[in-house]
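Have a look at the structure below before the remarks.
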Amino acid sequence: MCIRDRDYFVYSGSRGFAIRKGARLLGAALLAGSPGEGACERQIGRGHRMASVRARHHRGLAGWRQPLGDPSDGQSAEPTGTSAQRGEVSQVDGPRPIRHDRGGLDGRLRPASLRPYAGPGALGQGKRREEAVKVKVIPEPKEVAFEEKAVRLERTGAILANPSDRLAAQILRKAIEEAAQLEVQIVSCSESSRPGNAVVMGTPDRDPFVAELCSKYGVEVPEGSESYALLIDEDGILVASEGSAGVFYGVQTLVQLLESGDGELPCLRIRDWPDMRYRGLQVDISRGPVLRMDYLKKVIRTMAKFKLNMLTLYTEHMFRFEKHPIIGPEGAALTAEEVRELSAYARQYYVELVGNFQSLGHFRNILKHREYRDLAETSFRWVISPAKEGTYRLLEELYSEIVPAYESEWFNVNCDETWGLGEGASKERAEEIGVDGVYLEHLLKLREMLKKYGKRMMFWGDIVLNHPHAISQVPKDAIVLNWTYLARESYRDRVEAFTKVGLKQLVCPGVSCWSRIFPDYVNAVPNIQNFVRDGYRGGALGMLNTTWNDDGENLFGYNWYGILWGAECAWGPERADQEAFDRKFPACFYGADVPEVTQAI
């Protein structure tokens, strides 16, 4: 049965047949609005059923549950496997992300009226956990000190911002208008002689008003371009950072406070910073519902609101190649122009769009065409064969179009789940150097192709983990995407497999949304939390949370609980608290403080 949804086509059953107890809690209106707005313009790219069944086995799916709904539409202005052992995880040696000073909020003794709050991870149970959810912000800020007073938004006279922070100012203005039906002007810091009762945002080194207020109120700005300090006082509001990204994130925290504040804000001080540099999301655009451009932009806005900063679009064939037009379905595949448009849009929201093209396994959507069948490793046509020179001529031509379309320095060649490699055309070579040798030779050729475009190779780590002696032969400039989706207490061994040989990695948990309509959050929540925690302890560069559309059944709007939980865990891996997260998720995401929502999920 074909359903024309509002942001994508769904070729799978009825979207209402699997809705369980959430329907009686949220009502038909919320469910009907779950996938987003706008008419559909894209079609579907389906993976092969047999491959999906095998992938389901490898990814270890359990019983499914359902999240509900979709992000409220944010500001849309257009400004200029190896199994880890269970047990306790001790400190892992190796490089660690830079830690920031965790001293007092203002470098001075706090007044008696200010009570320190360090987030739920430091609060314990009972009444102290009750205090934690007073600050309904995802991800949880590192340091909060609040006063038993509130500020009415009607007193806000203007927003003072540098031109480089214009988008953040526009987002804040819209939030104030919606929260208090109040129109405020955006004024350049250089155009105003005094802040007055205003929201002032910027960097102390660049903006004199910001430096003046930091000095006057003893605000100590944390180190780092994504870190920020937020002061809400009866005299005004200050957002300060060393970089524009930090200003943007400080505003996003302020917006979340506004959305849950009923027209007023608590007087408080916040100092906040991320523990992981890269906090990413992968969206599968090659199987199942294919998101259209305006919805992809909505995904970017929602990611940015919750301080995620990297996005990659899993691509098997959904790119419009001019030299090989038969590969990308017309009207469905992204064009190079659309990729450049998305990259520019994401940059404004401090999200890096990373290039992506499947380059070994999962190649059936290309090999199914008569023109490319001879390049298959076996008759199953799942792997493109490294034993055939035509393989590299084709990949060179495809790379010449898709790789330069992306601005990012990184490019994911994928190369996961290479079932049948070494069993067909490359069998003779595999008998000489092993299947892992054939795989490594292919990786090296891809790496050389990418060097011509100034790109650094990323690839999924499952194949080399299955051949541990090959891990040390992976080039040290490659980035390993270390994925596993089964919930475990510890992933330390899996992380250490790469750190001990000096390879950089992103840990890649999953939302467990594949081959189902609603994700399995019983499995996904500990997978995300524990894998991100152990990756942080092991010096991983960051997290890439993954959504997949095996079998084409998942509706993307139901994945946001797991995506936001990933944002929570990556910002503060040692502090993430599911109970506290569950209590603030409805208010932060849906704008309704209804705990039954997360109980339904």
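Along the sequence shown, residues carry numbers from 1.
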Practice task
Output, in order, the C-alpha distance, side-chain angles, deciding distance and verdict of ring-ring contact (aromatic ring centres under 6.0 Å, His included) for Tyr399 and Tyr392.
Solution key: CA-CA 10 Å; Tyr399 274 28; Tyr392 297 102; 10.0 Å; no
Practice task
Could you walk me through whether Thr598 and Arg583 pass the side chain to side chain contact (heavy atoms under 4.5 Å, CB included) test, one step at a time?
Solution key: CA-CA 8 Å; Thr598 43; Arg583 296 175 67 180; over 6 Å; no
Practice task
Run the numbers on Val464 and Gln473 for side chain to side chain contact (heavy atoms under 4.5 Å, CB included), then give the verdict.
Solution key: CA-CA 10 Å; Val464 293; Gln473 301 176 56; over 6 Å; no
Practice task
Applying side-chain hydrogen bond (donor to acceptor under 3.5 Å, both in side chains), run through Asn412 and Thr312 and close with a yes or a no.
Solution key: CA-CA 8 Å; Asn412 182 11; Thr312 188; 5.1 Å; no
Handout entry: Trace of the side-chain hydrogen bond (donor to acceptor under 3.5 Å, both in side chains) decision for Asp551 with Ser515
Key = CA-CA 5 Å; Asp551 293 332; Ser515 302; 3.0 Å; yes
Problem - Worked check of salt bridge (charged side-chain N to carboxylate O under 4.0 Å, His left out) between Arg269 and Glu143 - result: CA-CA 8 Å; Arg269 293 171 183 254; Glu143 295 177 351; over 6 Å; no
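The structure places CD1 of Ile528 at 11.5 Å from SG of Cys508, a figure rounded to the nearest 0.5 Å. The CG atom of Asn414 sits 11.5 Å away from the CE atom of Met457 when rounded to the nearest 0.5 Å.
Judged purely by atom type and a 3.5 angstrom limit, Glu242 uses its side chain to pair as donor or acceptor with the backbone of Gly224. Not one N or O on the side chain of Asn554 forms a donor-acceptor pair closer than 3.5 Å with the backbone of Gly288. Under a 3.5 Å cut-off, the side chain of Gln529 and the backbone N or O of Ala576 do form a donor-acceptor pair. Using a distance-only test at 3.5 Å, with no hydrogens or angles considered, a donor-acceptor pair links the side chain of Asn356 to the main chain of Thr315. For His469 (side chain) and Asp436 (main-chain N/O), no donor-acceptor pair under 3.5 Å exists by modelled atom type. Within the 3.5 Å criterion, the main-chain N or O of Arg277 finds a donor-acceptor partner in the side chain of Arg279. At least one donor-acceptor pair closer than 3.5 Å links the side chain of Gln358 to the backbone N or O of Cys415. At least one donor-acceptor pair under 3.5 Å links the side chain of Asn523 to the backbone N or O of Ala487. A donor-acceptor contact shorter than 3.5 Å is absent between the side chain of Lys455 and the backbone of Leu450. Arg575 contributes a side-chain N or O that, together with a main-chain N or O of Pro141, makes up a donor-acceptor pair within less than 3.5 Å.
Trp571 has its side chain within reach of Lys142: a pair of non-hydrogen atoms, C-beta onward, lies under 4.5 Å apart. Counting only heavy atoms from C-beta outward, the side chains of Ser244 and Arg206 approach each other to under 4.5 Å. In this structure, Phe581 and Pro139 have side chains that are not in contact, with every pair of non-hydrogen atoms separated by 4.5 Å or more. Looking at Pro386 and Thr391, their side chains never come closer than 4.5 Å, going by heavy atoms from C-beta outward. Residues Ile433 and Glu441 meet the side-chain proximity criterion, which asks for heavy atoms closer than 4.5 Å. Residues Val351 and Leu308 are not in side-chain contact: their nearest non-hydrogen atoms beyond the backbone lie 4.5 Å or more apart. Looking only at side-chain heavy atoms (C-beta outward), Tyr439 and Phe459 come within less than 4.5 Å of each other. You'll find the side chain of Leu342 reaches within 4.5 Å of the side chain of Met293, heavy atoms only.
Note: Trp410 and Tyr278 have tilted aromatic rings, judged against thresholds of 30 and 60 degrees for the angle between ring planes. Ring geometry, Trp548 versus Tyr314: the interplanar angle exceeds 60°, so the pair is classed perpendicular (tilted spans 30 to 60°). Classified by interplanar angle (parallel below 30°, tilted 30° to 60°, perpendicular above 60°), the ring pair Phe357/Phe363 is perpendicular. Between Trp514 and Tyr485, the angle of the ring planes lies from 30° to 60°, which puts this pair in the tilted group.
Checked options Val480, Ile479, Asn482; the residue passing with Leu503 is Val480 (criterion: side-chain contact (heavy atoms from CB on, under 4.5 Å)).
Under the side chain to side chain contact (heavy atoms under 4.5 Å, CB included) criterion, Asn530 pairs with Tyr491, Pro526, Arg533, sequence neighbours left out. When the ring-ring contact (aromatic ring centres under 6.0 Å, His included) test is applied to Phe248, the partners found at least two apart in sequence or on another chain are Tyr350. A search for salt bridge (charged side-chain N to carboxylate O under 4.0 Å, His left out) contacts involving Arg347 returns Glu407, not counting sequence neighbours. The ring-ring contact (aromatic ring centres under 6.0 Å, His included) search around Phe319 returns Phe321, not counting sequence neighbours. Partners of Ser472 by side chain to side chain contact (heavy atoms under 4.5 Å, CB included), not counting sequence neighbours, listed by chain and number: Val501. In this structure Asp207 satisfies the salt bridge (charged side-chain N to carboxylate O under 4.0 Å, His left out) test with no other residue, sequence neighbours excluded. Take Thr253 and apply the side chain to side chain contact (heavy atoms under 4.5 Å, CB included) test, not counting sequence neighbours, and it matches Val137, Tyr228, Leu230, Leu257, Ile270, Lys307. Lys451 meets the salt bridge (charged side-chain N to carboxylate O under 4.0 Å, His left out) test with Glu448; sequence neighbours excluded. The side chain to side chain contact (heavy atoms under 4.5 Å, CB included) check on Pro204 picks up Val210, Ala211, Cys214, Val221, with sequence neighbours excluded. A search for salt bridge (charged side-chain N to carboxylate O under 4.0 Å, His left out) contacts involving Asp272 returns nothing, not counting sequence neighbours.
Counting only residues at least two apart or on different chains, the salt bridge (charged side-chain N to carboxylate O under 4.0 Å, His left out) pairs with a member in residues 394-403 are Glu396-Lys452. Every pair passing salt bridge (charged side-chain N to carboxylate O under 4.0 Å, His left out) that includes a residue from residues 465-479 is listed here, sequence neighbours excluded: Arg447-Asp477.
Considering every non-hydrogen atom in both Ala333 and His317, the closest pair reads CB-O, 4.5 Å. Taking each heavy atom of Ser408 and Leu353 in turn, the nearest pair found is CB-O, 3.4 Å. When all heavy atoms of Val511 and Ala524 are compared, the pair lying nearest together is O-CB, 3.5 Å. Nearest heavy atom pair, residue Ile563 against residue Asn545, reads CA-ND2, 3.9 Å. The heavy-atom pair separating Pro509 from Met543 by the smallest distance is CD-CG, 4.0 Å. Contact detail for Glu417 and Asp462: the closest heavy-atom pair is N-OD2, 3.1 Å.
In summary, the side chains of Ser164 and Asn162 do present a donor paired with an acceptor at a separation below 3.5 Å, with no hydrogens or angles considered.
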